[in-house]
Participant: 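Below is one structure. I have some questions about it.
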Amino acid sequence: MWLIDRSTEGRMSRRIALPFPVREALVRWYVGGGSRADEEAGIVLVQQARIGRKWIACDCLPTGEAPPVLTPAFLSEAETYYLRRLTGSDRPEHHPGCPFSREQATNRISEVRGQHAPADPPTGFFEVLRPAPEKLAQRPDEEASDDRTRQTSVPRLARLLWRLIDVAGLNRCSPLSAESEQRSIGDEFRTLTSVTGAIAVAPGIELSRAFWTHPRALHSRKVYGSLRALAKKWPRGHAPQAFLALFANHVRGSTVYVADGDPVTLANRVQSPSTRDNRIDGPYLVIIVVGQFPETHGYAPLRGYAQPILNGHRFIPVDTAFEREALRALIDIRHPFERRGIELCIEKPVFDMLTPLGPCRPAFLIEARSRTTGECRQVAVELVTGGNEVETPMAQVRERVKQIAPIVALNAADMAPARLAYRLATGFDL
């Protein structure tokens, strides 16, 4: 197998042969039967080929014939690299016995796209990037365990951002009596930053030492300088990396259009819960990871996740346009309840909650407390956008949510203030 220039047929003399151990590791990773070392070797090779604008030519056909070609690609749902076969009338097919004659095992994720993906809190350190294998040309350790993940999941970068938001309490809306009259984007970022000192990126490295909230730090190369200095004492087994949390009006492709500063362009496409079937625009709170960029032997912004939020004064995550509309209405409805002596506290759960029937994640949890009696009651808000409320999966989820609190199901017609106040009061049994 060879690395070849992009957009060529692969018969030119400018070909870089892959060492045999690397080729074998690539095959094992491709067919889904390799070790962790095989996966690391394959991912780094494909990553470097993609950055270096190279394709991979297969050697399964006789010498002299145009070789079948594979192109490096990035699978955003699994946050990993993979190989895509080039097919077409002018492209030769792989030999039937070639391991590359079938789609890569990684692509099985396409079979489960769109299904509910559990959102568990991220474990371990606040890190996304892994160290690259130091000796790709050597045969991988055959006894290494195969612990690869091939099922669909919420991106780790998203869950790390949610962890920050949750620890900082930015996904909770306090009663009116406990809130300051003026909220600002600066207050939100200060609250977010205040918790980074208690979170570790690696052993002995606090997140606060590698965390910024303004694009100036990136454009001025302050991030890179700080990361280079930190990398000298970064623990072995962990990849040096830094993070930025930026407020953005919109994202397009790999570019983040921040509200205050020049756009930021990443090495990969920015991920987001916004899809063709679930269109939700900004504003966003975008988390970006900065790490080693193999082609330039330096640091660069590599990946990003754009989380839609309510607005610049409340970094409460939302996943759909209707959820944003409902959250605005719930925040406003605190005023009439306050006049009745009832304080409302609103929470947007960002991770699944465990119940005896299994995990679930209500759209919102609302607690009502009477200033007169001190009595507290809670409801779980579910948002209904169609007529499929009684489908089996939804019914199972509702049974789980009921283990947490009584359910108030709201649709678009319930967003009028009087109607919403009535629905919530009934749910609280007030």
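All residue numbers refer to positions in the sequence shown, counting from 1.
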Participant: side-chain contact (heavy atoms from CB on, under 4.5 Å) with S177: which residues, sequence neighbours excluded?
Facilitator: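 So S177 forms a side-chain contact (heavy atoms from CB on, under 4.5 Å) with P175, E338, E343.
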
Participant: Give, for atom OG of S174 and atom CD of E347, the distance between the pair rounded to the nearest 0.5 Å.
Facilitator: 11.0 Å

Participant: Could you tell me whether the side chain of R85 and the main chain of S101 form a donor-acceptor pair under 3.5 Å?
Facilitator: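 Yes, because the side chain of R85 sits within donor-acceptor range (under 3.5 Å) of the backbone of S101.
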
Participant: Can you name the closest pair of heavy atoms from D414 and A409 and give their distance?
Facilitator: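 Nearest pair, atom of D414 first, then A409: OD2-O, 3.8 Å.
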
Participant: Got L164 and L207 here, is their nearest side-chain heavy-atom distance under 4.5 Å?
Facilitator: yes

Participant: Return all side-chain donor-acceptor pairs below 3.5 angstrom for residues 64-73, not counting sequence neighbours, or 'none' if the list is empty.
Facilitator:
{"from": "T71", "atom 1": "OG1", "to": "R84", "atom 2": "O", "distance (Å)": "3.4"}

Participant: Before accepting this row, confirm whether a basic side-chain N of the pair E188/R183 lies closer than 4.0 Å to the acidic partner's carboxylate O.
Facilitator: yes

Participant: Between Q403 (side chain only) and P356 (backbone N and O only), is there a donor and an acceptor less than 3.5 Å apart?
Facilitator: no

Participant: Rounded to the nearest 0.5 Å, what separates atom SG in C98 from atom CG in D59?
Facilitator: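 Here the rounded value is 7.5 Å.
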
Participant: Hey, mind stepping through Y257 and V264 against side chain to side chain contact (heavy atoms under 4.5 Å, CB included) and telling me if it holds?
Facilitator: CA-CA 7 Å; Y257 295 89; V264 174; over 6 Å; no

Participant: Below 4.0 angstrom, N of the basic side chain to O of the carboxylate: do E399 and K402 qualify?
Facilitator: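 Looking at E399 and K402, the cut-off is met.
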
Participant: Can you give me the closest heavy-atom contact between L266 and L302, atom names plus distance?
Facilitator: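 Looking at all heavy atoms of both residues, the shortest contact is CB-O, 3.9 Å.
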
Participant: Is there a donor-acceptor pair closer than 3.5 Å between any side-chain N or O of H219 and the backbone N or O of D262?
Facilitator: yes

Participant: Going through the distances and angles, do I205 and W234 end up as a side chain to side chain contact (heavy atoms under 4.5 Å, CB included)?
Facilitator: CA-CA 7 Å; I205 308 290; W234 211 278; 3.8 Å; yes

Participant: What I'd like to find out is whether the side chain of R314 reaches to under 4.5 Å of the side chain of I331, using heavy atoms alone.
Facilitator: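 The answer is yes, as the side chains (C-beta and beyond) meet within the 4.5 Å cut-off.
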
Participant: Find out whether R190 and T193 are in side-chain contact, i.e. whether some heavy atom of one side chain is under 4.5 Å from a heavy atom of the other.
Facilitator: no

Participant: Applying ring-ring contact (aromatic ring centres under 6.0 Å, His included) to F126 and F211, what does each step give before you reach the verdict?
Facilitator: CA-CA 11 Å; F126 197 99; F211 185 80; 7.5 Å; no

Participant: Residues in side-chain contact (heavy atoms from CB on, under 4.5 Å) with R400, at least two apart?
Facilitator: T355, L357, P359, C360

Participant: Does any N or O in the side chain of T191 come within less than 3.5 Å of the main-chain N or O of D187, such that one atom is a donor and the other an acceptor?
Facilitator: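 Pair found, side chain donor or acceptor close to backbone of D187.
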
Participant: Can you give me the closest heavy-atom contact between A231 and Y299, atom names plus distance?
Facilitator: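 Looking at all heavy atoms of both residues, the shortest contact is CB-OH, 3.4 Å.
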
Participant: Just how far is it from atom CG of L161 to atom CZ of F315, taken to the nearest 0.5 Å?
Facilitator: 10.0 Å

Participant: With sequence neighbours left out, write down each residue that passes salt bridge (Lys or Arg N to Asp or Glu O under 4.0 Å) with D332, or none if nothing qualifies.
Facilitator: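 Result, salt bridge (Lys or Arg N to Asp or Glu O under 4.0 Å) vs D332: none returned.
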
Participant: Of all the heavy-atom pairs spanning E206 and G197, show the shortest one and how long it is.
Facilitator: CG-O, 3.7 Å

Participant: Could you tell me whether the side chain of R209 and the main chain of S226 form a donor-acceptor pair under 3.5 Å?
Facilitator: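 Between the backbone of S226 and the side chain of R209 there is no qualifying donor-acceptor contact (under 3.5 Å).
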
Participant: I need the full list of salt bridge (Lys or Arg N to Asp or Glu O under 4.0 Å) pairs touching residues 92-102, with sequence neighbours left out, sorted by first then second residue.
Facilitator: none

Participant: Look up atom CG in L310 and atom CZ in R328, then write down how far apart they are to the nearest 0.5 Å.
Facilitator: 6.0 Å

Participant: Does a side-chain heavy-atom distance below 4.5 Å link R159 with F351?
Facilitator: yes

Participant: Check whether any side-chain heavy atom of I316 sits under 4.5 Å from a side-chain heavy atom of L170, and report yes or no.
Facilitator: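 I316 vs L170: side chains apart.
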
Participant: Are the side chain of H214 and the backbone N or O of D260 linked by a donor-acceptor pair below 3.5 Å?
Facilitator: yes

Participant: CZ/R156 to CD/E127 distance, rounded to the nearest 0.5 angstrom?
Facilitator: 6.5 Å

Participant: Taking C-beta and beyond as the side chain, do K54 and D5 meet within less than 4.5 Å on heavy atoms?
Facilitator: yes

Participant: Show, in sequence, the C-alpha distance, side-chain angles and deciding distance for V290 and W212, and conclude whether the side chain to side chain contact (heavy atoms under 4.5 Å, CB included) test is met.
Facilitator: CA-CA 11 Å; V290 176; W212 290 267; over 6 Å; no

Participant: When you measure from the side chain of Q292 to the backbone of A300, do you find a donor-acceptor pair of N or O atoms at a distance under 3.5 Å?
Facilitator: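 Between the backbone of A300 and the side chain of Q292 there is no qualifying donor-acceptor contact (under 3.5 Å).
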
Participant: Would you confirm whether Q241, through its side chain, and L129, through its main-chain N or O, come within 3.5 Å as a donor-acceptor pair?
Facilitator: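 Side chain of Q241 to backbone of L129, a donor-acceptor pair under 3.5 Å: yes, one is there.
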
Participant: Tell me the closest heavy-atom pair linking C173 and R334, and the distance in Å.
Facilitator: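 Between these two residues, the closest heavy atoms are SG-NH1, 3.5 Å.
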
Participant: Please enumerate all residues that pass side-chain hydrogen bond (donor to acceptor under 3.5 Å, both in side chains) together with N171, with sequence neighbours excluded.
Facilitator: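 Expected list: D166.
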
Participant: First locate atom CD1 of I185, then atom OG1 of T213, and finally report the distance between them rounded to the nearest 0.5 Å.
Facilitator: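 These two atoms lie 9.0 Å from each other.
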
Participant: If you apply the rule side chain to side chain contact (heavy atoms under 4.5 Å, CB included), what do you find for V289 with L160, and how did you get there?
Facilitator: CA-CA 11 Å; V289 60; L160 289 177; over 6 Å; no

Participant: Hey, are the side chains of P301 and L244 touching, using non-hydrogen atoms and a 4.5 Å cut-off?
Facilitator: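 No - every pair of side-chain heavy atoms lies 4.5 Å or more apart.
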
Participant: For the residue pair I280 and R324, what are the closest heavy atoms and their distance?
Facilitator: CG1-NH1, 3.9 Å

Participant: Does any non-hydrogen side-chain atom of L330 lie less than 4.5 Å from one of L344?
Facilitator: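 Result no, sub-4.5 Å side-chain heavy-atom pair not found.
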
